[in-house]
Structures are given as structure tokens and as C-alpha cells.
Amino acid sequence: MNIEALIHKATSKALNELYGFNPGEKQIQLQNTRKDFEGDITLVVFPFLKFSKKSPEKTGEEIGEYLKNNIEIVEGFNVIKGFLNLVIGKSYWIDVLLGAYRTEKFGMVSESDDSKLVMVEYSSPNTNKPLHLGHIRNNLLGYSISEILKANGNKVVKTNIVNDRGIHICKSMYAWKQWGDGKTPGDSGVKGDHLVGDYYVEFDKHYKAEIAELMETGMSKEEAENQAPSIQAARELLRKWEARDEETVQLWKTMNGWVYDGFDITYKNLGVDFDKIYYESETYLVGKEEVMRGEKEGVFFRKEDGSVWADLTGDGLDQKILLRSDGTSVYMTQDIGTAKMRFSDFSIDKMVYVVGNEQNYHFQVLAILLDKLGFSWGKSLYHFSYGMVELPSGKMKSREGTVVDADDLIEDMVDVARKMSVDLGKLDNLSKEEAERTYRMIALGALKYFILKVDPKKNMLFNPEESIDFNGNTGPFIQYTYARIRSVLRKAEEMNLDLNSNIETDSLSFKEKELLKRISLFPVAVKEAGENYSPAIIANYCYELVKEYNQFYHDHSILAEPNEQVRNFRLILSATVSNIIKNGMNLLGILMPERM
RNA sequence: GCCCCGGUAGCUCAGUUGGAUAGAGCAACUGCCUUCUAAGCAGUAGGUCAUGGGUUCGAGUCCCGUCCGGGGUACCA
């Protein structure tokens, strides 16, 4: 059925009949014909020269002749150098269009009985500061890859692990107690996560001053960092928290509650969500138990000072600490506990962690440790490692105030979108609410596309001065094209045009055929995006599709086309493109406006 | 030191897993709105794919060396 498979099979037969050669799977290479040449699909003939013992041109001619005679939809061919370009008949492309048009979720695989259950962990915030641009990349990637995995037929559980305990939380708690004057988000009007974050900064300010003061008295830096009253007080709070001191636990709950309220707003604005949330305060003890079990079973070992370690020298790594000498747990311990809980809560086939690439080593170790602990699923974890977002000044650092705050950035983008729309006079006849909704859609579209179009593995640069574009290779460009198509389709409806009538068309223009080819590639893009964990593949596909469409749109009239069949063909073509854009961009969490 | 990742146009990024003359957007310059939305379309200019070797019919893509940048290697998370 599929054209590539058809050609593949026929080529295999041709090679056998012509040269008595049975090619391996990979030796038959098909690719899309470059635009500068005539043809649609190209067969690379170089690999066959050894067997044909003829020139590339002659070999191409012979195979081309065979394919033309044996496959009905191959209408012609030409050979340039070692490339055999095959011309596929228009009926094939029309069939592709109709297939896509009639399939609502064209290119996507729906869930079935043998779907795998994939759990995707993303976001993973600390509860001591608000979300910033780095978190935005994480959240967008996590959400998008979940959607892409779903589109590839998987069942997905989106999960978040909240780092809600530890010394950093206690720092904010102490600062609030000390200098907070009982301030709350309610009476101050400050968003909860920002309020708590402010006290985290406040803590650092005092802490630094204390260190400087102590060093004046001749104390070493290290000693001063240890002796400063603030840090002592924070540690005391942590001890009290671990001892379940009622007042401390209460304060911890209250302040974390403020943060969660704040996060909820940011998540809602970003359009991301979770099916199940885990809290480290509930998983770290499980991790501890597992480590102690591991020690008892001789998988791990204890040093003289009481700390527990894993020896990974046999795996080419070094030794890794799992429990401190005072018995408290570390990051790794918590991840072991969280993993165990997840696998007992769900029958997970695959675990995906969306975490920055600075954790590459951590996850390499985690997989080995889980395996050593006897969890067969340990090896199957996948670390979806992504690069950092850098500013022109370099890496973002919370303490140095060089972070781009998530909430601020979103609001700035909305302001730009609003101003731009008003300047262009675009949404004048929409209600105020609808216009606002659209500004937001465009702003988020710009932000999300900007981040998701780049290869997740690579570090990316964000320049706040230059801001994010709304023209060119951007989210709004794609949204605009969608809105334009919708506008045409609305008018077609008003004219009572029937899109189901037959669309035989005598000739396909170059642009039309290019569009059809592009449409046929959407399923490939979805599959590839899933295999490579890459929303960027979807983003780039949508951009190419939309660019192609805009050229078509510019060169051809649709509604004014006098030939009814051609007009219907173009309407169906447009409807199909708009559907693919919408579905594709949905995989990126980007919404399409009906008007803009 | 050791380990991992990266280096493509002035800037931000693609490059179909080794294929044809390396592509977009931004910025600059030039055209196109009486016609379905100009957030668009068309064009000009911009490249020693960091660098030196190697593998082969063919290398931005694979291998080795060098230079530059980032990350990791913590009783931080």
C-alpha cells in the first residue's frame, strides 16, 4: 500500500532479476527527490554498481525501466549521476490527500491493548523559589514529549516530583520567621512562590553578611560558613522538621502551600498538567529503607564513619554516597525511593525523566543502582536530557539575580502580543475577552515554539533584550497561517460549498504537489519525534508545511477558482493542512486561534 | 587530571541518521495589498560546516589528533 514499501519491494525484485543480487534491507535507499530535479522519490543506485558491473547511469536506467513497467503509479523516471528519480502519478497524491482528509487524527497512532505505559517525570521544582526560564524549558519539553509519546500509541502518566524538603526550604522558613512580620500572600498581594522566594534571597543576604562579619574576626571562610547564626538556625529547623516538631511542620506546610498555589498559576498559564504528583517528603524514607536493605544484602557497604556507599568501580565509575554519616539521605537516595513507589503504584513499562543534562551522571548511576537493588526495570529508565537555557551574560544563577522569571516572561510576552495586534488592527471586532484570550494564545505560542523548535539536547540562548519574534520561523507565523485557512473555510461554508464532492483534478501545480508530499510526511515526523524524543522535529515539520502552504496560498486563489473540482481540491487541501497544523502544534502544547 | 556534550552565514537555529549545488528566520537592501487575513509572498547579499589527518564511489554527518566553549567528577539538590 505504502509507496515506499512498494518501491522497496519492486527494487529488490529488480536487482534479483537483472543482476542476480539479493540486497539487504539497508542497501535500498529511498529519499525524497530534491526540488531542483524532476521526480518525487529517488533511489540511490551507487550501492548496486558492484553487482550490475555497469555505470551508474546505465544501472539507473535499467532499474528505472523495470520499476516503470512493474509499478503502476510510477509514471516515469530520469537518472542524474547515480540517482534514479521516479515520477509518481498524481492519482497517488490525491489518494494521500483524501486519506489524510478523512482521518481526523491523521499521522497519529491511538492507544491499543498492547500500548506501553510510559511514565514521564518533568518539572520537579524546589519549593523555595519561583519557576524561571530553565523550568519553562523543562515543563514545555515534558508536556510535549508526553503528547508525542501518546501520539505514538503509548499510554502516558505525567508525573511531578516536588522537592519539598531539605535545608533550602528551612532557609526560607527561618528568614520568614525572623524578618517576615507575619506577611502572607493573602494580605501582601504577592504570589506565594515569589513571596517564599523573596525570603530565600533574604536569607542569603543575611547569611553572607554574617560570614563576612565572622571572617573579620579572623575566622576562616569555611568555618564562618559553618558558624553563621542563620545557617545554624536553618539546620536546627531541619532537625526539628525531621523530628516532626509540630510548630515547624505546621510552618513548613503553610509556606509550601503558598508555593503550590503560586506554581498552580504558573502551570496553568503554561498549559501543563500532571496526572500524579509525588513529594520527596513522602518518598525519601522509602529510599532510605532500600539503601539499608541494599547494605544488609551486601550490595552497598558502610564506611567507618557510618556513611553508606555504592562501589561502582566495576561499572567503570567511582564510589557514590547514598547515606550521610549522620544517617540522612541524599538526592540519589530519594530518587531510589521515588522510583520504587512509582513502580508499585503503576505497572510502568518505561520511565522517562525530563531532567537537565547536568544530571547525566546522576541518572547513569541511578539506573545501575536500581539494577543492583534487584529492580529489573532499573535499566529501562530513560533520561531525557536537555541543555540549559543561557543568557547573553551566561548561565542563569538564582542567587545572583540573573534569572528570567517565568511569570514575568509570560506577562511580557502577552503585552507584546497585545500591542502588536492592536497596532495591526487585527482583532478589532472581537469581544474584549476573546481578544485577550487570543493575545495569550499568541504570546504562549511564540514562547513555546521558540523553546521547542531547538534540539532539546543542545544548549540554547535566550536574549531578553531582543525578545521573542512574532515573524518568520515562529509560533505566531504558524498560528497566522492557521487563522488564514480557517477564514477561507468559514467563507466556503457561508457559500455552502460541499467539500465532499469529487476532486479529480487534471493537473497538479508544482506548489500543490509539494504540499501533498509534505502532508504525506506528517506520520513520519510524528514517529521520528517519538523515537528521538524530539518536539523539535514536530516544530520544524510544521514550519515547513506552513511555509509551503503560504506559497501555495499566494500563488493560487481558492474561493475564486472557476473550476469547481479544482476549487474543491484546494479547499480540501487547505482543510487538511489546517488539521495537521492544529494536531501537530497540539503536540507542542500550542493552541491555534480561529482569527488573529 | 579524568569522563560526557557541543562548535554550520553578523545573530538564532535546521540539515531527512553517509548522498546531488549546505538551508531557514532575524538583522540589511529591493519589489508585491482595489482580489480568500501583508504576523504574508518574491528577490539581493551573506559559508574554508572550529582545525589537521583518515575511512570510500561519496563526509557538515563516521574514526583519530588539536584548539575553543559548556557540563560533570561533592557527606549540594
Within residues 133-140 of chain A, the residues having a heavy atom closer than 4.0 Å to RNA chain B are none
Using a cut-off of 4.0 Å on non-hydrogen atoms, how would the nucleic acid contact of A:Gln359 be classed: base, sugar-phosphate, or nothing? base
Side-chain heavy-atom pair A:Asp455, A:Ile537 within 4.5 angstrom cut-off: no
Are more than 12 heavy atoms, taken from residues, nucleotides or ligands other than A:Glu57, located less than 6.0 Å from that residue's CD atom? yes
Closer than 4.0 Å, any side-chain N/O of A:Arg484 to the OP1 or OP2 of B:rA38? yes
Expressed as a whole number of Å, how far does the P atom of B:rU30 sit from that of B:rA38? 22 Å
Could you check whether A:Asn85 gets within reach of a base, just the sugar-phosphate, or nothing at all, counting any heavy atom under 4.0 Å? base
Select base, sugar-phosphate, or nothing to describe what A:Val44 touches, counting heavy atoms under 4.0 Å on all strands. base
Is A:His8 reaching over with its side chain to a backbone N or O of A:Glu4, donor-acceptor style, under 3.5 angstrom? no
Does A:Ser487 put a side-chain nitrogen or oxygen below 4.0 Å from OP1 or OP2 of B:rC36? no
Which listed nucleotide (B:rU12, B:rU37, B:rA14) is nearest to the side chain of A:Asn540? B:rA14
Are A:Asp326 and A:Arg324 within salt-bridge range, i.e. N to O under 4.0 Å? no
For A:Arg437, does the CZ atom have more than 12 heavy-atom neighbours from other residues, nucleotides or ligands under 6.0 Å away? no
Please list, chain by chain and in numerical order, all residues satisfying ring-ring contact (aromatic ring centres under 6.0 Å, His included) with A:Phe510, sequence neighbours excluded. none
RNA chain B contacts among residues 318-327 of chain A, heavy-atom distance under 4.0 Å: A:Asp318, A:Ile321, A:Arg324, A:Ser325
With syn defined as a glycosidic torsion within 90 degrees of 0 and anti otherwise, which applies to B:rU51? anti
Is there aromatic stacking of A:Phe46 against B:rG58, centre distance under 5.5 Å, plane angle under 30°? no
Ring-base stacking, A:Phe83 with B:rA20 (5.5 Å, 30° cut-offs): yes
Let me know the distance between NZ of A:Lys81 and P of B:rC57, rounded to the nearest Å. 17 Å
Less than 4.0 Å between a side-chain N and a carboxylate O, is that true for A:Asp423 and A:Lys419? yes
Runs of at least three consecutive pairs that involve RNA chain B, where pairs are Watson-Crick or G-U with distances under 3.5 Å: B:1-7 with B:67-73, B:10-13 with B:23-26, B:28-32 with B:40-44, B:50-54 with B:62-66
RNA chain B contacts among residues 522-529 of chain A, heavy-atom distance under 4.0 Å: none
Does A:Arg165 count as lying over the ring of A:Tyr284, i.e. NZ or CZ under 6.0 Å from the six-ring centre, within 45 degrees of the axis? yes
When rounded to the nearest Å, what value does the distance between P atoms of B:rG58 and B:rA14 take? 30 Å
What's A:Thr42 touching, base or sugar-phosphate or nothing? Going by heavy atoms closer than 4.0 Å. base
What contact category does A:Asp36 fall into here, base, sugar-phosphate, or nothing, at under 4.0 angstrom with non-hydrogen atoms? nothing
Just the rounded figure in Å: distance from P of B:rA77 to OH of A:Tyr353. 17 Å
Taking NZ, NE, NH1 and NH2 as the nitrogens, is one of them in A:Lys221 or A:Glu225 under 4.0 Å from a carboxylate oxygen of the other? yes
With rounding to the closest Å, how many angstrom separate the P atoms on B:rC68 and B:rC57? 36 Å
Looking at A:Lys303, I want to see if its NZ is surrounded by more than 12 non-hydrogen atoms of other residues, nucleotides or ligands under 6.0 Å. yes
Would you mind writing out the side-chain donor-acceptor pairs for residues 40-52 of chain A within the sub-3.5 Å range, not counting sequence neighbours?
from	atom 1	to	atom 2	distance (Å)
A:Asp40	OD1	A:Lys513	NZ	3.2
A:Asp40	OD1	A:Lys517	NZ	3.2
A:Asp40	OD2	A:Ile88	N	2.7
A:Asp40	OD2	A:Lys513	NZ	3.2
A:Thr42	OG1	A:Thr33	OG1	2.7
A:Thr42	OG1	A:Asn85	OD1	2.7
A:Ser52	OG	A:Lys54	N	3.2
A:Ser52	OG	A:Thr59	OG1	2.9

Could you state the interatomic distance from OH (A:Tyr386) to CD1 (A:Ile451), rounded to the nearest 0.5 Å? 10.5 Å
Can you pull the salt bridge (charged side-chain N to carboxylate O under 4.0 Å, His left out) pairs that have at least one residue in residues 530-550 of chain A, sequence neighbours excluded? A:Lys35-A:Glu548, A:Arg518-A:Glu548, A:Lys527-A:Glu531
Would you say the side chain of A:Tyr361 lies within less than 4.5 Å of the side chain of A:Leu317, judging by non-hydrogen atoms? yes
Test of understanding: with salt bridge (Lys or Arg N to Asp or Glu O under 4.0 Å), list the residues that count as partners of A:Arg486, not counting sequence neighbours. A:Glu594
Sub-3.5 Å pairs of nitrogen or oxygen atoms, protein against nucleotides 24-26 of chain B:
from	atom 1	to	atom 2	distance (Å)
B:rA24	O2'	A:Tyr543	OH	2.5
B:rG25	O2'	A:Asn473	N	3.3

A:Asn163 vs B:rA77: side-chain N/O to OP1/OP2 distance below 4.0 Å: no
Anti/syn call for B:rC68, syn if |chi| within 90°: anti
Does any pair with a residue in residues 473-499 of chain A pass ring-ring contact (aromatic ring centres under 6.0 Å, His included), and if so which ones, sequence neighbours excluded? A:Phe477-A:Tyr543
Identify whether any heavy atom of A:Gln334 sits under 4.0 Å from a base atom; if not, whether one sits that close to sugar-phosphate; answer base, sugar-phosphate or nothing. sugar-phosphate
Rounded distance (nearest 0.5 Å) linking atom OG of A:Ser144 with atom CG of A:Asn139: 12.0 Å
Would you kindly check whether a donor in the side chain of A:Ser421 faces an acceptor in the base of B:rA39, or vice versa, at under 3.5 angstrom? yes
Who passes side-chain contact (heavy atoms from CB on, under 4.5 Å) against A:Met420, sequence neighbours left out? A:Leu424, A:Phe470, A:Asn471
So what does A:Phe477 hit on the nucleic acid, given a heavy-atom distance under 4.0 Å: a base, only sugar-phosphate, or nothing? sugar-phosphate
Just checking A:Tyr533 against A:Tyr382, ring centres under 6.0 Å apart? yes
When you check the phosphate oxygens OP1 and OP2 of B:rA39, does a side-chain N or O of A:Tyr480 lie under 4.0 Å from one of them? yes
Given the C1' atoms of B:rU55 and B:rA9, what is the spacing between them in whole Å? 30 Å
Roughly, in whole Å, what's the span from CD1 in A:Ile167 to C1' in B:rC76? 11 Å
Can you pull every protein N or O that's under 3.5 Å from an N or O on nucleotides 1-10 of chain B?
none

Using the C1' atom in both, what is the distance from B:rA42 to B:rA24, to the nearest Å? 15 Å
